[in-house]
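Below: the structure, in structure tokens.
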Amino acid sequence: MKIRTRFAPSPTGLLHIGNARAALFNYLFARHHGGEFVLRIEDTDRERSTQQAVDVIFDGLKWMGLDWDGEPVFQATRQERHAEIVAQLMEKGMAYRCYCTPEELAAMREKARAEKRPPRYDGTWRDRDPSETPEGVPYAIRLKAPKEGETIIRDLVQGEVRVANAEMDDLILLRSDGTPTYLLAVVVDDHDMGITHVMRGDDHLTNTFRQAMIYRAMSWDLPEFAHLPLIHGPDGAKLSKRHGAQSVMDFREEGILPEALCNYLLRLGWGHGDAEVLDREEQIKLFDMDGIGRSPSRMDYVKLSHLNGIWMRRADDERLTALVMQRLEQRDDLDHDETVRARVLALMPGLKERAKTVVELADNASFAGLRLPLTITPKAEKHLGEEGRKVLAGLEEKLAALDPFTAEGIDAVLRAFATEHELKLGAVAQPLRAAMTGTTTSPGIDLTLAALGRDEVLARIRSVLSA
């Protein structure tokens with residue numbers, strides 16, 4: 001059997017982090033077993049589905065590096081096939097027309113609540129004689145669900161789960177306007193697409209019991225099911241905006257690298273010994289169902305940030321520079337030409353050692369594009385008093401004469417100056433750092449000056465001295 005998994009989101013909003021983890025798990029499981037991972041857009045809710053949401057799904061999966069096999073399937077294009085299956089169920093006597101009006105259904109629910117029963121459909125039209133059928137009245141088509149026995153799902157994560165059939169009602173297959181319901185469309189599409197394993201959040205477990213009735217009514221084999229525990233906020237409550245980022249694009253905007261997010265999501269509900277930092281190749285090699293836990297996971301934004309820092313230090317400098325420049329280009333107070341890009345690239349080895357997100361990285365690199373005169377922070381201003389200015393004045397001539405203007409040469413000049421004037425190296429470096437960045441932090445001062453270049457260094461020193 002060739003394993004085939006799917007990711008089947010509804011294009012009605014953001015690509016939520018829980019859905020993204022489900023997509024990752026499906027992808028890794030398929031790739032681990034040499035199978036296929038397919039994408040289906042469940043857009044049967046035409047009123048709420050938007051092209052913008054479809055684009056968000058595509059962009060998010062591509063950013064995460066989850067390449068699907070074949071062309072995406074749009075569920076709304078398959079409505080004729082869904083209706084065809086309902087016709088077969090009608091012929092088999094496994095489905096029937098229900099003429100209940102919305103008002104009658106509402107009254108049915110109210111009566112059930114008053115009698116402290118679950119508000120389920122009571123089967124009014126299940127066994128009615130065809131002669132009682134009203135003319136010209138809209139109808140839905142419902143599944144004739146079994147009323148006795150129980151439905152058993154042998155879940156690959158949750159274990160064996162049972163529900164009494166008497167607890168389930170006759171679900172709607174086709175609405176009165178002829179459109180298929182989600183429960184029907186999912187079953188037909190999974191069957192037709194040859195899906196062998198359905199891996200999704202455990203909030204779908206109730207749906208799975210209802211979908212199993214459709215499979216059995218059609219005498220189709222059920223796929224294997226694996227229901228993943230949900231992701232909660234740090235406090236154990238349902239993940240919400242108050243906890244922080246929730247969608248894939250939120251995390252991208254906050255400066256998280258895709259490999260860091262995927263690595264974190266993998267470890268959020270799956271484990272393999274003490275393995276923490278895993279690249280895609282290692283993930284595919286190790287991932288399987290037996291590593292998935294049964295308990296809900298909690299988002300730990302601090303841990304994600306730490307992991308992102310690890311992946312940033314591993315990342316290629318050119319790639320990080322491109323990401324930083326994309327952010328700097330959005331700022332009107334900075335230059336962001338090729339000269340600035342070259343400075344950022346030269347600074348990147350030192351910059352990425354200190355930052356945990358691309359946002360932080362861009363903030364720390366922004367001094368490379370500052371225009372004169374620089375805005376000096378109060379903390380940095382303390383290093384530009386009388387003594388600090390004497391240091392800058394004394395270094396100006398020495399740095400102007402330095403050729404070539406390299407980090408090694410700069411370091412030698414600064415050390416010699418400190419020795420000559422009986423100063424600690426920090427007393428030399430901090431006034432320079434304040435003059436170069438307007439702050440008290442930067443990569444090594446020798447690397448910082450080398451990246452800015454002689455002309456810019458001298459211009460920034462003279463700007464401070466003339467203020």
Side chain to side chain contact (heavy atoms under 4.5 Å, CB included) evaluation trace for V198 with D190: CA-CA 9 Å; V198 173; D190 281 347; 3.7 Å; yes

Distance-only polar pair, side chains of R433 and Q430, donor-acceptor under 3.5 Å: yes

Nearest-0.5 Å distance, SG of residue C262 to CG of residue D279: 12.0 Å

Nearest non-hydrogen partners of A365 and L351, listed with the distance: CB-CD1, 3.6 Å

Validation row: M94, I214 side chains within 4.5 angstrom (heavy atoms): no

Within-4.5 Å side-chain heavy-atom neighbours: V161 and F209: yes

Closest non-hydrogen atom pair between R21 and S297, with its separation: NH1-OG, 3.6 Å

For R354, salt bridge (charged side-chain N to carboxylate O under 4.0 Å, His left out) partners two or more places apart: none

Short side-chain donor-acceptor distance under 3.5 Å, H204 and N207: yes

Test item: L156 and F225 side chains (from C-beta on) under 4.5 Å apart, heavy atoms: no

Distance-only donor-acceptor check, side chains T208 and H227, under 3.5 Å: yes

Criterion salt bridge (charged side-chain N to carboxylate O under 4.0 Å, His left out) on D333 and R371, from CA distance to verdict: CA-CA 8 Å; D333 62 327; R371 302 176 188 131; over 6 Å; no

Near-ring test F58/W68, centroid separation under 6.0 angstrom: yes

Trace of the side chain to side chain contact (heavy atoms under 4.5 Å, CB included) decision for I292 with L228: CA-CA 8 Å; I292 301 174; L228 311 173; 3.9 Å; yes

Where I172 and A140 come nearest, the two heavy atoms and their spacing: CG2-CB, 4.2 Å

Residue pair T151 / N165, side-chain donor-acceptor N/O under 3.5 Å: yes

Distance, nearest 0.5 Å, that separates CG of L89 from CD1 of I141: 9.5 Å

Check: F7 ring centre within less than 6.0 Å of Y27 ring centre: no

Salt-bridge present (D221, R216; N to O < 4.0 Å): no

Heavy-atom side-chain proximity of F367 to L452 below 4.5 angstrom: yes

Nearest heavy-atom neighbours spanning L374 and G438: CD2-N, 3.7 Å

S247-D250 side chain donor-acceptor pair, cut-off 3.5 Å: yes

Partners passing salt bridge (charged side-chain N to carboxylate O under 4.0 Å, His left out) against R319 (at least two apart in sequence or in another chain): E259

Nearest heavy-atom neighbours spanning H197 and P223: N-CB, 4.3 Å

Centroid-centroid distance, H191 to Y215, less than 6.0 Å: no

NZ (K303) with more than 12 external heavy atoms under 6.0 Å: no

Any I85 side-chain heavy atom under 4.5 Å of W220 side chain: yes

Verdict with reasoning, V302 to H306, per side chain to side chain contact (heavy atoms under 4.5 Å, CB included): CA-CA 6 Å; V302 173; H306 171 73; 5.7 Å; no

More than 12 heavy atoms of other groups within 6.0 Å of E338 CD: yes

CD/E80: more than 12 non-hydrogen atoms of other groups inside 6.0 Å: no

E329/R341 under salt bridge (charged side-chain N to carboxylate O under 4.0 Å, His left out): CA gap, chis, key distance, verdict: CA-CA 10 Å; E329 285 164 7; R341 194 203 72 83; over 6 Å; no

Residues, nucleotides or ligands: over 12 heavy atoms within 6.0 Å of D177 CG: yes

Sub-4.5 Å side-chain heavy-atom contact between I17 and L261: yes

No-hydrogen, no-angle side-chain donor-acceptor test under 3.5 Å, R280 and Q283: yes

Pair H82, D189: side-chain N/O donor-acceptor within cut-off below 3.5 Å: yes

Residues T179 and R175: side-chain donor-acceptor under 3.5 angstrom: yes

E36 with R6: basic N within carboxylate O range, under 4.0 Å: no

Close side-chain approach of D43 and R48, heavy atoms under 4.5 Å: no

No-hydrogen, no-angle side-chain donor-acceptor test under 3.5 Å, T439 and T437: yes

Derivation of the salt bridge (charged side-chain N to carboxylate O under 4.0 Å, His left out) call for K352 and D317: CA-CA 9 Å; K352 69 182 184 182; D317 290 349; 2.7 Å; yes

Atom NZ of K92 with >12 non-hydrogen neighbours under 6.0 angstrom: yes

Stepwise side chain to side chain contact (heavy atoms under 4.5 Å, CB included) test for M436 and I461: CA-CA 7 Å; M436 295 303 108; I461 288 175; 3.7 Å; yes

Lys/Arg N to Asp/Glu carboxylate O, R162 vs E160, below 4.0 Å: yes

Closest non-hydrogen atom pair between P229 and S295, with its separation: CB-O, 3.3 Å

Atom pair OG1 (T196) and CD1 (I3), whose distance is rounded to the nearest 0.5 Å: 5.5 Å

Any side-chain donor near an acceptor of the partner, H33 and D288, under 3.5 Å: yes

Intermediate values then yes/no, salt bridge (charged side-chain N to carboxylate O under 4.0 Å, His left out), D169 and R210: CA-CA 9 Å; D169 60 0; R210 294 161 72 82; 3.1 Å; yes

Nearest-0.5 Å distance that lies between atom CG in L402 and atom CD1 in I410: 6.0 Å

Atom pair CG/CG of L328 and L361 - distance to nearest 0.5 Å: 9.0 Å

Note, T181 side chain near L184 side chain (heavy atom, < 4.5 Å): yes

